[in-house]
Amino acid sequence: EPLSSKDVEEAGFKPLRKTFSEGGNKVQYSGAKPGSFKFKDPLADFYRYIDYREEIYIQRLKEAVAIKSVSAWPDHRPEIMKMIDWCKNWIDKLGGKSELYANPLVSQKLEDGSEIPLPPILLGSFGNDPSKKTVCVYGHLDVQPALLSDGWDTEPFVLTEIDGKLFGRGSTDDKGPALSWLWMVEAFNELKMDLPVNIKIIYEGMEEYGSEGMFEAVNDLAKQGKFLDDVDFFCISDNYWLGKNKPCLTYGLRGMAYFEVGVECSKQDLHSGVYGGTVHEAMTDLVRLMGSLVDTDGKILVDGVMKDVAPVTEEEEKMYETIDFDPAEYAKECGVATIGKGELLHDNKKDILMARWRYPTLSLHGIEGAFSDPGAKTVIPRKVMGKFSLRLVPDQNPKQIAEVVTAHLEKEFEKLNSPNKMWVKAHHGAKAWLSSTDHPNYEAAKKAVETVFGQSPDMTREGGSIPIATWLEDATQMNVLLLPVGACDDMAHSQNEKFNKKNMMNAIKVLGVYLHEIAKIKGPKPSDCKCEPLSMEDLMIPGAFVRAFR
């Protein structure tokens with residue numbers, strides 16, 4: 001039942017400000033007699049409503065996780081559509097407006113030459129009050145592949161609760177956080193509280209496979225009069241806290257350059273007992289090539305990669321001193337502490353964080369075409385493809401990185417004197433992204449975190465890549481905020497991905513408070529103050545500069 005301010009007053013409910021339970025700002029009985037406690041807070045109903053509906057949120061997340069919306073599995077494309085429709089129905093049910101925006105690239109070409117349709121992009125909106133500011137939320141509804149045989153302790157597509165943790169593929173990346181926005185809107189609706197801002201939603205279904213079509217979609221939707229044109233602030237919850245308990249806001253992301261290097265030695269797989277020692281094996285060449293990219297200390301061996309990396313400033317170095325981070329705990333979280341010597345590449349906080357955030361890295365991911373099933377198979381594979389990627393930092397250009405990586409591999413292959421066929425393929429790439437922690441969007445989020453968690457957030461950068469942050473900012477000129485709600489040990493993309501119940505509940509709360517803080521920002525709507533790009537010809541016309549402002 002919806003709760004009124006009178007209900008809260010008579011029951012003696014109030015939001016906690018000094019005492020916290022599990023890091024969250026919950027509500028409790030004050031001990032006052034009914035009617036004697038004269039304290040009103042518009043957020044008290046909001047907190048109480050959310051706490052009462054914990055099991056409902058879990059069941060809804062269970063429904064979403066059960067939909068196997070794996071974008072890397074072409075035969076599961078209908079599941080992505082099912083997930084998009086599921087979310088669209090919720091937007092409609094909650095009184096919002098929704099539409100399916102056709103993917104500009106239309107179809108995806110598979111390795112065998114066939115094509116399958118790309119899923120549409122889900123657009124939603126709640127409110128259209130021109131006097132209010134507009135916040136646009138981005139999220140994705142697709143997930144990474146997952147099989148029980150990969151090493152999961154539970155069925156990956158069956159949400160399973162163990163000790164307050166909700167295990168399941170997509171629970172934290174990104175279905176749980178994305179759906180939190182909808183449950184926040186529902187709470188406002190049920191409590192008959194007006195949304196303090198207009199909300200727009202843009203959810204895609206191909207993020208885990210390169211966000212095909214999103215760049216084109218964002219640039220189209222940002223045109224004058226279209227969906228993103230009146231957005232004042234963007235918010236994304238698709239990354240994670242630095243630790244398990246202390247919240248953070250993220251102002252920087254590394255970019256990405258993903259590659260495939262392949263070697264082919266025959267038109268068919270060969271028996272190693274019959275043909276071994278007589279042919280130039282593709283696997284041998286590939287292992288040598290991949291080993292030439294990075295050494296065992298993590299140093300990138302490709303000439304030209306570090307050329308555009310900015311030097312570390314004294315001010316930047318000081319920033320790392322105050323961040324809450326424990327290297328020993330980090331070693332445990334990433335599973336290194338109990339393996340071999342239990343050592344990381346670096347032994348101190350600053351070097352570990354710099355390696356994660358502000359320096360490029362190169363990682364080897366796997367080999368396609370090689371035998372990898374249990375048991376033994378004495379085969380010489382005819383063709384193998386090694387997969388690897390670089391995480392990029394500001395000022396690095398994916399195109400330039402592709403050029404130097406390709407040149408390096410061609411040079412190394414030439415050294416092998418192999419007659420085999422070799423090729424390098426650059427897949428998706430994205431530039432790094434860096435924002436300002438002093439922007440009003442970040443100030444609003446800081447206040448929201450302080451209200452809900454009772455502590456100021458760390459300001460962090462992130463080693464991962466979220467290309468949409470750069471695309472949205474470049475296309476609209478509006479600020480993008482990364483507001484993570486998951487913990488560092490949520491194991492996104494890995495086995496046993498999970499979303500803590502307390503994080504799920506506090507996510508809904510902090511998003512609601514964040515919107516209240518956005519509504520308090522004074523001044524005109526940022527989207528009304530855009531400066532339209534002018535060409536050199538435009539600048540020659542008297543008065544053109546003034547007309548650029550609309």
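When reading the values below, keep in mind they use all heavy atoms of this one structure, side chains included, and skip hydrogens, waters and symmetry mates.
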Quick one: salt bridge (charged side-chain N to carboxylate O under 4.0 Å, His left out) partners of K226, sequence neighbours excluded? D220

For a 4.5 angstrom cut-off between non-hydrogen side-chain atoms, does V137 reach I202? no

Between the side chains of K200 and D230, is the shortest nitrogen-to-carboxylate-oxygen separation below 4.0 Å, so that they form an ion pair? yes

Between S435 and N479, does any side-chain donor sit less than 3.5 Å from a side-chain acceptor? yes

N441 side chain to Y514 side chain, donor-acceptor N/O pair below 3.5 angstrom: yes

Check this for me: does any side-chain nitrogen of one of E212 and K109 sit under 4.0 Å from a carboxylate oxygen of the other? no

Assess, by modelled atom type and distance only, whether the side chains of S211 and E204 contain a donor and an acceptor separated by less than 3.5 Å. yes

Hey, does E473 have a side-chain heavy atom less than 4.5 Å from the side chain of M478? no

Got N500 and K244 here, is their nearest side-chain heavy-atom distance under 4.5 Å? no

Do D129 and S131 get their side chains close enough for a donor-acceptor pair, meaning under 3.5 Å? yes

Quick one: do E462 and R391 make a salt bridge, cutoff under 4.0 Å? no

Any salt bridge between K498 and D490, counting N to O under 4.0 Å? yes

Under 4.0 Å between a Lys/Arg side-chain N and an Asp/Glu carboxylate O for D51 and K509? yes

Taken to the nearest 0.5 Å, the spacing of I323 CD1 from M319 CE works out to 4.5 Å

Any side-chain donor-acceptor pair under 3.5 Å between K88 and S98? yes

Would the F453 and W241 ring centres measure less than 6.0 Å apart? yes

Do the side chains of K446 and E517 get close enough for a salt bridge, i.e. N-O under 4.0 angstrom? no

Within-4.5 Å side-chain heavy-atom neighbours: I201 and C136: no

Does any non-hydrogen side-chain atom of V185 lie less than 4.5 Å from one of I91? no

Any Lys/Arg nitrogen of E186 or R53 sitting under 4.0 Å from an Asp/Glu carboxylate oxygen of the other? yes

Can you confirm whether L118 sits close enough to M206 that some side-chain heavy atom of one is under 4.5 Å from a side-chain heavy atom of the other? yes

Can you give me the closest heavy-atom contact between Y47 and V513, atom names plus distance? OH-CG2, 3.7 Å

Consider only side-chain N and O atoms of S456 and E450, and report whether a donor and an acceptor are under 3.5 Å apart. yes

Ring centres of W90 and W181 under 6.0 Å apart? no

Can we say D232 and K525 salt-bridge, meaning some charged N sits less than 4.0 Å from an Asp/Glu carboxylate O? yes

Do E161 and K501 come within less than 4.5 Å of each other through their side chains, counting heavy atoms only? yes

We want to know whether R77 and Q108 form a side-chain donor-acceptor pair, criterion being a heavy-atom distance below 3.5 angstrom. yes

Classify the ring geometry of F188 against F46: parallel below 30°, tilted from 30° to 60°, perpendicular beyond 60°. tilted

Any salt bridge linking R169 with E497? Criterion: basic side-chain nitrogen under 4.0 Å from a carboxylate oxygen. yes

